[in-house]
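Heavy atoms only: backbone and side chains are in, while hydrogens, waters and symmetry mates are out. Worth saying up front: this structure is predicted, and the values here are computed from it rather than measured.
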Amino acid sequence: MEYSENYLREYLPKEDPPFEFVPSDVLDEVIALERASRFETAIPEYVTLFSRATRWTYAIFSEMGLRQFALDRFLFDRWSNEFWLHGGLLVGSVDRASFGLFDAESEAPGLGIILDVPNWPGPPFLIVDYVRFPRLNNAVFPVAIRQSDSDLHLGHPANATGTCWAQCKDSALWGMITAGHVVKSNRPGRIVPMAMGNSGALVRCYFQPVDAAFVQTDPPDLSLTELPVLSFPSVGMPVEVECQSRSVSRTIVEVANNCGVLHTRAIGILVYLDNPLNAGDSGALVRVHTGEAVGIYTGALQVPGAPSGQRGLAQNFEQAVFALNVTPYL
(Lines give C-alpha, C1' and ligand atoms only; values in the text may rest on other atoms or scores of the structure.)
Protein backbone atom coordinates (compact mmCIF):
# COMPACT_ATOMS: atom_id res chain seq x y z
CA MET A 1 0.00 0.00 0.00
CA GLU A 2 1.25 3.49 -0.85
CA TYR A 3 1.31 5.63 2.29
CA SER A 4 2.28 9.27 2.72
CA GLU A 5 1.85 11.82 5.46
CA ASN A 6 -0.03 14.02 3.00
CA TYR A 7 -2.50 11.20 2.36
CA LEU A 8 -3.24 10.86 6.08
CA ARG A 9 -3.35 14.63 6.52
CA GLU A 10 -5.90 14.96 3.70
CA TYR A 11 -8.47 12.59 5.24
CA LEU A 12 -7.86 12.93 8.97
CA PRO A 13 -10.11 15.60 10.59
CA LYS A 14 -8.19 18.86 10.90
CA GLU A 15 -9.15 19.36 14.54
CA ASP A 16 -8.81 17.02 17.51
CA PRO A 17 -11.90 15.19 18.76
CA PRO A 18 -13.31 16.55 22.04
CA PHE A 19 -10.89 15.28 24.67
CA GLU A 20 -13.69 14.25 27.04
CA PHE A 21 -14.56 11.45 24.59
CA VAL A 22 -10.99 10.19 24.21
CA PRO A 23 -10.12 7.45 26.77
CA SER A 24 -7.90 8.94 29.47
CA ASP A 25 -5.30 6.18 29.07
CA VAL A 26 -4.92 7.18 25.43
CA LEU A 27 -4.45 10.85 26.32
CA ASP A 28 -1.81 9.92 28.91
CA GLU A 29 0.15 7.76 26.48
CA VAL A 30 0.07 10.36 23.72
CA ILE A 31 1.43 13.00 26.09
CA ALA A 32 4.20 10.65 27.28
CA LEU A 33 5.13 9.81 23.70
CA GLU A 34 5.25 13.49 22.70
CA ARG A 35 7.45 14.30 25.71
CA ALA A 36 9.84 11.46 24.87
CA SER A 37 10.01 12.67 21.29
CA ARG A 38 11.26 16.09 22.34
CA PHE A 39 14.51 14.54 23.51
CA GLU A 40 15.21 13.00 20.09
CA THR A 41 17.60 14.89 17.86
CA ALA A 42 15.70 14.60 14.58
CA ILE A 43 11.99 14.25 15.22
CA PRO A 44 9.98 14.88 12.06
CA GLU A 45 6.93 17.10 12.09
CA TYR A 46 4.60 14.09 11.93
CA VAL A 47 4.57 13.74 15.74
CA THR A 48 1.63 16.15 15.97
CA LEU A 49 -0.10 14.41 13.06
CA PHE A 50 0.00 10.92 14.52
CA SER A 51 -0.89 12.22 17.98
CA ARG A 52 -4.09 13.58 16.47
CA ALA A 53 -4.59 10.32 14.58
CA THR A 54 -4.24 8.39 17.84
CA ARG A 55 -6.83 10.52 19.60
CA TRP A 56 -9.28 10.11 16.71
CA THR A 57 -8.70 6.35 16.43
CA TYR A 58 -9.52 5.57 20.04
CA ALA A 59 -12.25 8.20 20.39
CA ILE A 60 -13.98 6.43 17.49
CA PHE A 61 -13.48 2.97 19.01
CA SER A 62 -14.78 4.24 22.35
CA GLU A 63 -17.88 5.81 20.78
CA MET A 64 -18.52 2.61 18.82
CA GLY A 65 -18.43 0.64 22.05
CA LEU A 66 -20.88 3.05 23.64
CA ARG A 67 -23.05 2.93 20.49
CA GLN A 68 -22.79 6.68 20.12
CA PHE A 69 -22.97 6.71 16.32
CA ALA A 70 -25.50 6.90 13.50
CA LEU A 71 -25.55 4.90 10.25
CA ASP A 72 -26.78 6.39 6.99
CA ARG A 73 -27.25 3.07 5.16
CA PHE A 74 -27.15 5.06 1.98
CA LEU A 75 -26.44 2.15 -0.38
CA PHE A 76 -29.16 -0.35 -1.19
CA ASP A 77 -27.97 -2.35 -4.15
CA ARG A 78 -27.92 -6.15 -4.22
CA TRP A 79 -24.58 -6.51 -2.44
CA SER A 80 -25.37 -4.24 0.47
CA ASN A 81 -28.86 -5.67 0.93
CA GLU A 82 -27.44 -9.18 1.22
CA PHE A 83 -24.81 -7.86 3.58
CA TRP A 84 -27.36 -6.21 5.86
CA LEU A 85 -29.67 -9.24 5.84
CA HIS A 86 -26.83 -11.45 7.05
CA GLY A 87 -25.97 -9.05 9.88
CA GLY A 88 -22.59 -8.34 8.34
CA LEU A 89 -22.07 -4.86 9.70
CA LEU A 90 -20.35 -5.50 12.99
CA VAL A 91 -19.72 -1.89 13.93
CA GLY A 92 -21.66 -2.61 17.11
CA SER A 93 -19.31 -5.56 17.73
CA VAL A 94 -16.34 -3.26 17.88
CA ASP A 95 -13.86 -6.07 18.41
CA ARG A 96 -14.24 -7.06 14.75
CA ALA A 97 -13.78 -3.62 13.20
CA SER A 98 -10.56 -1.85 12.32
CA PHE A 99 -9.85 1.79 11.52
CA GLY A 100 -7.38 3.08 8.99
CA LEU A 101 -6.55 4.24 5.50
CA PHE A 102 -7.97 2.64 2.38
CA ASP A 103 -5.59 1.88 -0.46
CA ALA A 104 -6.16 4.74 -2.89
CA GLU A 105 -5.16 2.75 -5.95
CA SER A 106 -6.92 -0.59 -5.50
CA GLU A 107 -9.77 0.39 -3.15
CA ALA A 108 -10.82 4.03 -2.74
CA PRO A 109 -9.14 7.13 -1.31
CA GLY A 110 -10.14 7.66 2.27
CA LEU A 111 -9.92 6.91 5.98
CA GLY A 112 -12.57 4.82 7.66
CA ILE A 113 -13.84 1.66 9.31
CA ILE A 114 -12.92 -1.63 7.66
CA LEU A 115 -14.59 -5.02 7.99
CA ASP A 116 -12.49 -7.88 6.61
CA VAL A 117 -14.31 -10.88 5.16
CA PRO A 118 -12.63 -13.99 3.72
CA ASN A 119 -15.12 -14.39 0.88
CA TRP A 120 -18.47 -12.95 -0.06
CA PRO A 121 -20.52 -12.49 -3.24
CA GLY A 122 -19.66 -8.83 -3.61
CA PRO A 123 -16.59 -7.05 -5.01
CA PRO A 124 -13.18 -7.17 -3.27
CA PHE A 125 -13.77 -3.74 -1.72
CA LEU A 126 -17.03 -1.88 -1.24
CA ILE A 127 -18.07 1.13 0.81
CA VAL A 128 -21.44 0.08 2.20
CA ASP A 129 -22.24 2.92 4.55
CA TYR A 130 -21.14 6.10 6.26
CA VAL A 131 -21.06 6.36 10.03
CA ARG A 132 -21.49 9.66 11.85
CA PHE A 133 -20.30 10.37 15.41
CA PRO A 134 -22.51 13.13 16.87
CA ARG A 135 -20.33 13.70 19.95
CA LEU A 136 -17.12 13.84 17.87
CA ASN A 137 -17.94 17.07 16.07
CA ASN A 138 -20.38 15.14 13.84
CA ALA A 139 -17.40 13.59 12.04
CA VAL A 140 -18.37 11.15 9.27
CA PHE A 141 -16.32 8.17 8.08
CA PRO A 142 -17.01 5.52 5.42
CA VAL A 143 -17.57 1.88 6.35
CA ALA A 144 -16.10 -0.63 3.90
CA ILE A 145 -16.11 -4.38 3.39
CA ARG A 146 -12.76 -5.77 2.27
CA GLN A 147 -12.29 -9.28 1.00
CA SER A 148 -8.89 -10.46 2.19
CA ASP A 149 -6.79 -13.47 3.12
CA SER A 150 -3.91 -13.78 5.58
CA ASP A 151 -0.63 -15.07 4.20
CA LEU A 152 1.33 -16.05 7.29
CA HIS A 153 5.03 -15.76 6.62
CA LEU A 154 6.70 -19.04 7.37
CA GLY A 155 5.92 -22.12 9.34
CA HIS A 156 9.13 -23.21 11.06
CA PRO A 157 10.88 -21.42 13.94
CA ALA A 158 14.34 -22.33 12.67
CA ASN A 159 13.56 -20.06 9.71
CA ALA A 160 11.50 -17.50 11.58
CA THR A 161 12.58 -14.59 13.78
CA GLY A 162 12.62 -14.24 17.55
CA THR A 163 10.81 -11.20 18.88
CA CYS A 164 12.62 -10.67 22.18
CA TRP A 165 13.65 -12.38 25.40
CA ALA A 166 10.96 -13.01 27.99
CA GLN A 167 10.57 -14.40 31.50
CA CYS A 168 7.48 -16.24 32.71
CA LYS A 169 5.72 -14.35 35.50
CA ASP A 170 4.72 -17.57 37.28
CA SER A 171 7.67 -19.95 36.94
CA ALA A 172 10.50 -17.43 36.23
CA LEU A 173 11.52 -19.60 33.26
CA TRP A 174 13.48 -17.77 30.56
CA GLY A 175 12.84 -18.02 26.86
CA MET A 176 11.94 -16.08 23.75
CA ILE A 177 8.74 -14.77 22.18
CA THR A 178 7.96 -15.44 18.53
CA ALA A 179 4.91 -15.61 16.30
CA GLY A 180 2.55 -18.41 17.35
CA HIS A 181 1.95 -19.82 13.89
CA VAL A 182 5.59 -20.74 13.39
CA VAL A 183 5.61 -23.41 16.12
CA LYS A 184 2.66 -25.29 14.60
CA SER A 185 1.43 -26.47 18.00
CA ASN A 186 -0.32 -25.35 21.16
CA ARG A 187 0.96 -28.28 23.23
CA PRO A 188 3.38 -27.35 26.05
CA GLY A 189 6.65 -29.25 25.93
CA ARG A 190 6.81 -29.58 22.14
CA ILE A 191 10.41 -29.40 20.90
CA VAL A 192 11.03 -26.24 18.88
CA PRO A 193 14.12 -26.24 16.58
CA MET A 194 16.07 -22.99 16.72
CA ALA A 195 18.04 -21.14 14.06
CA MET A 196 21.41 -21.79 15.75
CA GLY A 197 20.92 -25.56 15.61
CA ASN A 198 19.82 -25.95 19.21
CA SER A 199 16.23 -26.41 20.35
CA GLY A 200 13.77 -24.98 22.85
CA ALA A 201 10.56 -26.23 24.42
CA LEU A 202 7.16 -24.67 23.86
CA VAL A 203 5.70 -23.23 27.07
CA ARG A 204 2.61 -21.41 25.74
CA CYS A 205 1.04 -20.66 22.38
CA TYR A 206 -2.37 -19.13 21.73
CA PHE A 207 -2.54 -19.33 17.95
CA GLN A 208 -5.31 -19.05 16.98
CA PRO A 209 -6.40 -16.32 17.54
CA VAL A 210 -3.47 -14.67 19.41
CA ASP A 211 -0.45 -15.18 17.15
CA ALA A 212 2.24 -15.41 19.81
CA ALA A 213 4.29 -18.16 21.47
CA PHE A 214 6.70 -18.38 24.40
CA VAL A 215 9.53 -20.87 23.88
CA GLN A 216 11.78 -21.87 26.79
CA THR A 217 15.51 -21.63 26.09
CA ASP A 218 18.70 -21.38 28.10
CA PRO A 219 18.72 -18.19 30.18
CA PRO A 220 20.41 -15.22 28.50
CA ASP A 221 24.05 -14.68 29.41
CA LEU A 222 23.89 -10.91 29.08
CA SER A 223 22.31 -8.02 30.92
CA LEU A 224 18.80 -7.23 29.70
CA THR A 225 16.41 -4.31 30.05
CA GLU A 226 12.64 -4.65 30.30
CA LEU A 227 11.05 -3.80 26.96
CA PRO A 228 8.53 -0.93 27.15
CA VAL A 229 5.18 -1.42 25.43
CA LEU A 230 2.95 1.03 23.56
CA SER A 231 -0.71 0.35 24.31
CA PHE A 232 -2.37 2.49 21.63
CA PRO A 233 -0.74 2.28 18.20
CA SER A 234 -2.56 4.19 15.49
CA VAL A 235 -2.59 5.06 11.82
CA GLY A 236 0.35 7.21 10.71
CA MET A 237 2.87 5.99 13.26
CA PRO A 238 6.27 5.15 11.74
CA VAL A 239 7.76 1.91 13.07
CA GLU A 240 10.86 -0.22 12.71
CA VAL A 241 10.58 -3.97 12.15
CA GLU A 242 13.60 -5.74 13.64
CA CYS A 243 14.25 -8.46 11.05
CA GLN A 244 17.10 -10.95 11.42
CA SER A 245 19.55 -9.14 9.16
CA ARG A 246 18.43 -5.51 9.44
CA SER A 247 15.84 -3.06 10.65
CA VAL A 248 13.14 -2.18 8.10
CA SER A 249 11.00 0.98 8.21
CA ARG A 250 7.24 0.70 7.88
CA THR A 251 4.17 2.81 8.76
CA ILE A 252 1.03 1.75 10.61
CA VAL A 253 -1.93 2.32 8.28
CA GLU A 254 -4.72 0.56 10.19
CA VAL A 255 -5.38 -0.86 13.66
CA ALA A 256 -7.97 -3.21 15.08
CA ASN A 257 -9.95 -2.05 18.07
CA ASN A 258 -8.40 -2.99 21.41
CA CYS A 259 -10.78 -1.06 23.67
CA GLY A 260 -12.12 -3.48 26.25
CA VAL A 261 -10.82 -6.60 24.51
CA LEU A 262 -7.04 -6.29 24.78
CA HIS A 263 -6.73 -8.43 27.90
CA THR A 264 -8.35 -11.48 26.40
CA ARG A 265 -7.23 -14.57 24.49
CA ALA A 266 -10.56 -14.93 22.67
CA ILE A 267 -10.00 -12.28 19.97
CA GLY A 268 -6.75 -11.57 18.15
CA ILE A 269 -5.88 -7.86 17.93
CA LEU A 270 -3.99 -6.82 14.79
CA VAL A 271 -1.81 -3.93 13.65
CA TYR A 272 -1.59 -3.33 9.88
CA LEU A 273 1.55 -2.00 8.15
CA ASP A 274 1.76 -0.21 4.82
CA ASN A 275 3.70 -3.09 3.20
CA PRO A 276 4.52 -6.70 4.11
CA LEU A 277 8.01 -8.08 4.63
CA ASN A 278 9.45 -11.44 3.57
CA ALA A 279 9.16 -15.10 4.43
CA GLY A 280 11.26 -15.73 7.52
CA ASP A 281 10.38 -12.41 9.12
CA SER A 282 7.49 -13.84 11.16
CA GLY A 283 8.16 -13.07 14.80
CA ALA A 284 10.11 -9.85 14.15
CA LEU A 285 9.65 -7.13 16.75
CA VAL A 286 7.76 -4.01 15.63
CA ARG A 287 8.68 -0.84 17.54
CA VAL A 288 8.06 2.90 17.36
CA HIS A 289 11.02 5.27 17.14
CA THR A 290 11.06 5.89 20.90
CA GLY A 291 11.61 2.17 21.50
CA GLU A 292 8.21 0.90 22.66
CA ALA A 293 7.01 -2.42 21.23
CA VAL A 294 3.73 -2.35 19.31
CA GLY A 295 3.62 -5.69 17.52
CA ILE A 296 4.97 -9.07 16.43
CA TYR A 297 5.22 -9.29 12.66
CA THR A 298 3.22 -12.25 11.31
CA GLY A 299 2.67 -11.98 7.55
CA ALA A 300 0.79 -10.25 4.76
CA LEU A 301 -2.83 -9.30 4.22
CA GLN A 302 -3.56 -10.34 0.64
CA VAL A 303 -6.26 -8.49 -1.26
CA PRO A 304 -7.45 -10.63 -4.19
CA GLY A 305 -6.60 -9.09 -7.56
CA ALA A 306 -5.00 -6.02 -6.01
CA PRO A 307 -1.29 -6.46 -5.23
CA SER A 308 -0.96 -2.76 -4.41
CA GLY A 309 -3.50 -3.20 -1.65
CA GLN A 310 -1.37 -5.61 0.39
CA ARG A 311 -0.56 -4.74 3.99
CA GLY A 312 1.77 -6.23 6.52
CA LEU A 313 0.21 -7.90 9.54
CA ALA A 314 1.39 -7.78 13.15
CA GLN A 315 0.00 -9.23 16.35
CA ASN A 316 -0.64 -6.54 18.96
CA PHE A 317 2.30 -6.81 21.37
CA GLU A 318 0.55 -5.88 24.61
CA GLN A 319 -2.07 -8.56 24.03
CA ALA A 320 0.68 -11.08 23.25
CA VAL A 321 2.57 -10.59 26.53
CA PHE A 322 -0.72 -10.67 28.44
CA ALA A 323 -1.74 -13.96 26.82
CA LEU A 324 1.70 -15.50 27.31
CA ASN A 325 1.95 -14.22 30.91
CA VAL A 326 5.54 -13.03 30.44
CA THR A 327 7.67 -9.96 30.98
CA PRO A 328 9.51 -8.95 27.74
CA TYR A 329 13.18 -7.98 27.67
CA LEU A 330 15.82 -6.77 25.20
message = Quick check against the 3.5 Å criterion: does Y7 have a side-chain atom that pairs as donor or acceptor with the backbone of G110?
response = yes
Contact list for residues 10-24, test side-chain hydrogen bond (donor to acceptor under 3.5 Å, both in side chains), sequence neighbours left out = D16-R55
remark   = Test side chain to side chain contact (heavy atoms under 4.5 Å, CB included), reference E254, set L111, I114, V235, output is I114
request  = Give, for atom NE2 of H181 and atom SG of C205, the distance between the pair rounded to the nearest 0.5 Å.
outcome  = 10.0 Å
inquiry  = Closer than 3.5 angstrom, by distance alone: can the side chain of D211 be matched with the main-chain N or O of G180 as a donor-acceptor pair?
reply    = yes
key: Name of the residue among F61, Y130, F99, F69 meeting ring-ring contact (aromatic ring centres under 6.0 Å, His included) with F141   = F99
ask   = Under the salt bridge (Lys or Arg N to Asp or Glu O under 4.0 Å) test, which residues partner R135, sequence neighbours left out?
value = E63
inquiry  = As a quick check of understanding, evaluate side-chain contact (heavy atoms from CB on, under 4.5 Å) for L33 and T290, giving each step before the final call.
reply    = CA-CA 8 Å; L33 204 60; T290 48; 3.2 Å; yes
inquiry  = When you measure from the side chain of N316 to the backbone of I269, do you find a donor-acceptor pair of N or O atoms at a distance under 3.5 Å?
reply    = no
message = Which label fits F232 and Y58: parallel for a plane angle under 30°, tilted from 30 to 60°, or perpendicular past 60°?
response = perpendicular
task = Can you sort out the partners of R204 under salt bridge (Lys or Arg N to Asp or Glu O under 4.0 Å), two or more places apart, ordered by chain and number?
result = none
Polar contact flag, side-chain donor to acceptor under 3.5 angstrom, E240-S249 = yes
ask   = Is there a donor-acceptor contact under 3.5 Å linking the side chains of R132 and N138?
value = yes
key: Lys NZ or Arg CZ of R146 over Y272 ring: under 6.0 Å, within 45°   = yes
query = Any donor-acceptor pair under 3.5 Å linking the side chain of T178 with the backbone of T161?
reply = yes
query = Does the side chain of V143 reach to within under 4.5 Å of the side chain of I127, using non-hydrogen atoms?
reply = no
inquiry  = Checking side chain to side chain contact (heavy atoms under 4.5 Å, CB included) between I252 and each of V271, D274, V286, which is the one that passes?
reply    = V271
task = Indicate whether the side chain of T298 and that of Q315 have a donor and an acceptor atom separated by less than 3.5 Å.
result = no
Side-chain donor-acceptor contact under 3.5 Å, T57 with S234 = no
query = Does D103 use its side chain to pair, donor to acceptor, with the backbone of S106 at less than 3.5 Å?
reply = yes
remark   = Tested for side chain to side chain contact (heavy atoms under 4.5 Å, CB included) against L227, the lone hit among L285, I177, T163 is L285
inquiry  = Same cluster or not: V210 versus V326, using hydrophobic residues (I, L, V, M, F, W, Y) connected whenever any side-chain heavy atoms lie under 4.5 Å apart?
reply    = yes
query = Hey, is R311 close enough to E107 for a salt bridge, meaning N to O under 4.0 Å?
reply = yes
query = Where the side chain of R250 meets the backbone of P276, is there a donor-acceptor pair that is under 3.5 Å apart?
reply = yes
message = Quick one: does any side-chain atom of N275 pair with a main-chain N or O of G312 as donor and acceptor, under 3.5 Å?
response = no
Heavy-atom donor-acceptor pair, Q167 side chain to Y329 backbone, under 3.5 Å = no
message = If you define the side chain from C-beta out and look only at heavy atoms, does anything of Y206 sit under 4.5 Å from L324?
response = yes
key: Nearest-0.5 Å distance, SG of residue C164 to CG of residue L224   = 9.5 Å
query = Does the side chain of E318 pick up a donor-acceptor pair with the side chain of S231 at under 3.5 Å?
reply = yes
